[in-house]
Amino acid sequence: MELLGEITAGRPLLVLAVKEEAQFLDTSLPVLLTGMGKVNAATALATVLGRGPRPSGIVNLGTAGALRPGWTGTHVVGTVVQHDLDGQLLATLTGETYGAPLALPDGGDVVLATGDAFISDEAARARLAEQAPLVDMEGYALAAAAELAGVPLRIVKHVSDDAGDGAARTWRESVAECARALADWAAAHTAYRV
């Protein structure tokens, strides 16, 4: 976890997983680099929100794999789901609901599936495509932490790969282009310089 800048009550916080995704941000806004995966994302965001002050909102910028053909470009996410938590089974065991889908304010109809596996094979891609068009490793965890803290969150993902065979190589080759697109989106849609 690395926090660049200072969080203040009247300004948004930009949250990204890794420095490669943040490489073209040139902003006066604070930037939190959480590390990859749900645990890193949730603990990093919960830590900075718990310390206070709380930002006016959170914008998660990052890369995502496309689970369905034709998905490219930058997308604002409307709903996040966990693809690696069997909430239905847990409900039969405990009677409690865990990991229900989370709707995001300002989101559209794009669904993002989050899990701790980097999806890079066709079988996993086909299975997950039934749930969502995009997949990442942090979105749901960030949404859960932000919701508990009462801070609004936007998730913005740029497609880096097709989440199939060769996705890891494709991510490495495309992350700089994705980072540029994410920085451009942030400059156009946030209080980028204050």
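Sequence positions, counted from 1, serve as the residue numbers for this chain.
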Quick check: do [X] and [Y] have side-chain heavy atoms less than 4.5 Å from each other?
X      : Y      : answer
Thr47  : Arg51  : yes
Val81  : Leu112 : no
Arg169 : Glu173 : yes
Tyr140 : Thr79  : no
Val156 : Val77  : no

Donor-acceptor check, side chain of [X] to backbone of [Y], threshold 3.5 angstrom: yes or no?
X      : Y      : result
Glu177 : Ser174 : no
His158 : Ala181 : no
Arg154 : Leu61  : no
Asn60  : Val15  : yes
Thr34  : Ala44  : no

What are the two closest heavy atoms between [X] and [Y], and how far apart are they?
X      : Y      : value
Ala167 : Asp161 : CB-OD1, 3.5 Å
Ala146 : Leu153 : CB-CB, 3.9 Å
Val80  : Ala143 : CG2-CB, 3.7 Å
Ser56  : Pro152 : O-CG, 3.6 Å
Pro30  : Pro12  : CD-O, 3.5 Å

Legend entry - Atom pair CG (Leu29) and CD (Glu6), whose distance is rounded to the nearest 0.5 Å: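 Taking CG in Leu29 and CD in Glu6, the distance rounds to 13.0 Å.
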
Inset, instruction - Hey, could you give me the CG/CG distance between Leu4 and Leu25, rounded to the nearest 0.5 Å? - result: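 If we round to the nearest 0.5 Å, Leu4:CG and Leu25:CG are 9.5 Å apart.
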
Inset, instruction - Determine, stepwise, if the pair Leu142 / Ile155 fulfils side chain to side chain contact (heavy atoms under 4.5 Å, CB included). - result: CA-CA 9 Å; Leu142 295 170; Ile155 296 179; 5.5 Å; no

Inset, instruction - Might you work through the side chain to side chain contact (heavy atoms under 4.5 Å, CB included) test for Asp184 and Phe24, ending with a clear yes or no? - result: CA-CA 9 Å; Asp184 290 347; Phe24 295 111; over 6 Å; no

Inset, instruction - Name the orientation class of the two ring planes belonging to His75 and Trp71 (parallel below 30°, tilted from 30 to 60°, perpendicular beyond 60°). - result: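 Correct class here is tilted.
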
Legend entry - Qualifying residues under side-chain contact (heavy atoms from CB on, under 4.5 Å), relative to Pro55, sequence neighbours excluded: Ile7, Leu13, Leu49, Ile58, Val151

Inset, instruction - Before accepting this row, confirm whether a basic side-chain N of the pair Lys38/Asp84 lies closer than 4.0 Å to the acidic partner's carboxylate O. - result: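 Salt bridge: yes.
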
Legend entry - Criterion side-chain contact (heavy atoms from CB on, under 4.5 Å) against Met1, the qualifying member of Thr43, Leu32, Asn40, Leu33: Leu32

Show which side-chain atoms of residues 130-139 pair as donor or acceptor with protein atoms under 3.5 Å away, not counting sequence neighbours.
unit_1, atom_1, unit_2, atom_2, d
Asp136, OD1, Thr114, OG1, 2.6
Asp136, OD1, Gly139, N, 3.3
Asp136, OD2, Glu138, N, 3.3
Asp136, OD2, Gly139, N, 2.8
Asp136, OD2, Lys157, NZ, 2.9
Glu138, OE2, Gly37, N, 2.9

Show me the donor-acceptor pairs, under 3.5 Å and distance only, between side chains in residues 62-70 and residues at least two apart or in other chains.
unit_1, atom_1, unit_2, atom_2, d
Thr63, OG1, Glu21, OE2, 2.7
Thr63, OG1, Trp171, NE1, 2.9
Arg68, NE, Ala129, O, 2.9
Arg68, NH2, Ala129, O, 2.8

